Trainee: 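I'd like to ask some things about the structure below.
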Amino acid sequence: MRKIWRLISAAFLGLVLLTCLSACGAKSVAEQDVLTTDQKTNRITWGVKADTRLFGLENIRTGKLEGFEIDLAKALTKKILGHNGKCTFVPVTSGTRVPLLKNGNIDAIMATMTITPEREKQVDFTHSYFDAGQSLLVKKGSPIKNIQDLNKPGKVILGVSGSNSVKNVAKFAPRARVLQLSDYAQAMTALKSKQGDALTTDNGILYGMAAENPHYEVVGGNFTKEPYGIAVNKNQNRFRKKLNLALDQVEKDGTYNRLLLKWFGHVKGFNYQEMKR
Ligand code: GLU
């Protein structure tokens, strides 16, 4: 008899526990208020590039990420959370950044991401913090001088999957074949091993590659406009507003221009003066 009672009470306890867990359990990603959580934990988790020199690149000696976007993320975090505010950096690629945001692995994306109407259906953006434009990287002495030179059957353009750049190729050079790699380090390796006639992405990223690879150059000017925005999940308006405010503050107090000078001031061919805010 005692055994039965024990069983019944254990089952009852289990049921109470289960009801409680579902009622007061973890909220779904869409329900969570990112700003409240970040203020409580004193930490913002950023999705950043780790393969993109000048913007976000892993320094293999220190294991630390370095670049304009890394510094900007640190500055914005301090504006939002105060001087002791901390950042966690999660490396993303052009293809993984939106899924990682949607799954709640990161709070915001600051990863050379162009604000496009298509992406605005999935995520919300802050106002633009960097005005890039799409261009081409080729081996010095290449007959390719612009995007029209690539619009021929047999031409191969290298790009990264999930990037806006590979989509734009369909508009500007529909006759070329696009070979999509999973990140920019791989795309550069493919260019060096002559798997394509040119590598395409935004000018700033390409200048970063050219700086490291002196036999390669940026050609063809900018044939698109790529304004970068910070992406956050839908329904995170409080967080987005704070980010916009923090962006305004770093632009006004000179931090933005200081970081621009630090990362782009000495890049050959890159007109950093034009980018000042
Ligand atoms: N800005 C472009 C994009 O958002 C290209 C750079 C990148 O792949 O992140 O897709």
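All ligand and atom numbering here is 1-based and tracks the order in the structure. Note that the structure is a prediction, hence the values are computed from the model and not measured. Just the heavy atoms: all of them, side chains too, but no hydrogens, waters or symmetry mates, feed the values below.
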Trainee: Classify the angle between the aromatic ring planes of F264 and F130 as parallel (below 30°), tilted (30 to 60°) or perpendicular (above 60°).
Mentor: tilted

Trainee: Tell me, with the steps shown, if V250 and Y129 meet side chain to side chain contact (heavy atoms under 4.5 Å, CB included).
Mentor: CA-CA 10 Å; V250 296; Y129 64 87; over 6 Å; no

Trainee: With respect to L158, which candidate in V178, T189, T200, L179 satisfies the side chain to side chain contact (heavy atoms under 4.5 Å, CB included) definition?
Mentor: L179

Trainee: For ligand 1, what N or O to protein N or O distances fall under 3.5 Å?
Mentor:
from: ligand 1; atom 1: 1 (N); to: T112; atom 2: O; distance (Å): 2.9
from: ligand 1; atom 1: 1 (N); to: T114; atom 2: OG1; distance (Å): 2.7
from: ligand 1; atom 1: 1 (N); to: D202; atom 2: OD2; distance (Å): 2.5
from: ligand 1; atom 1: 4 (O); to: R97; atom 2: NH2; distance (Å): 3.3
from: ligand 1; atom 1: 4 (O); to: T112; atom 2: O; distance (Å): 3.2
from: ligand 1; atom 1: 4 (O); to: T114; atom 2: N; distance (Å): 2.9
from: ligand 1; atom 1: 4 (O); to: T114; atom 2: OG1; distance (Å): 3.4
from: ligand 1; atom 1: 4 (O); to: R119; atom 2: NH1; distance (Å): 2.8
from: ligand 1; atom 1: 8 (O); to: S94; atom 2: OG; distance (Å): 2.7
from: ligand 1; atom 1: 8 (O); to: Y184; atom 2: OH; distance (Å): 2.6
from: ligand 1; atom 1: 9 (O); to: K49; atom 2: NZ; distance (Å): 2.7
from: ligand 1; atom 1: 9 (O); to: S94; atom 2: OG; distance (Å): 3.4
from: ligand 1; atom 1: 9 (O); to: R97; atom 2: NH1; distance (Å): 2.8
from: ligand 1; atom 1: 9 (O); to: T112; atom 2: O; distance (Å): 3.2
from: ligand 1; atom 1: 9 (O); to: T112; atom 2: OG1; distance (Å): 2.7
from: ligand 1; atom 1: 10 (O); to: R97; atom 2: NH2; distance (Å): 3.1
from: ligand 1; atom 1: 10 (O); to: R119; atom 2: NH2; distance (Å): 3.0
from: ligand 1; atom 1: 10 (O); to: N164; atom 2: N; distance (Å): 2.6

Trainee: Any side-chain heavy-atom pair from K276 and Y272 closer than 4.5 angstrom?
Mentor: yes

Trainee: Quick check for you: to the nearest 0.5 Å, what is the distance between K139 atom NZ and D197 atom CG?
Mentor: 13.0 Å

Trainee: So which of V90, I230, I106, I70 actually passes side chain to side chain contact (heavy atoms under 4.5 Å, CB included) with W46?
Mentor: I230

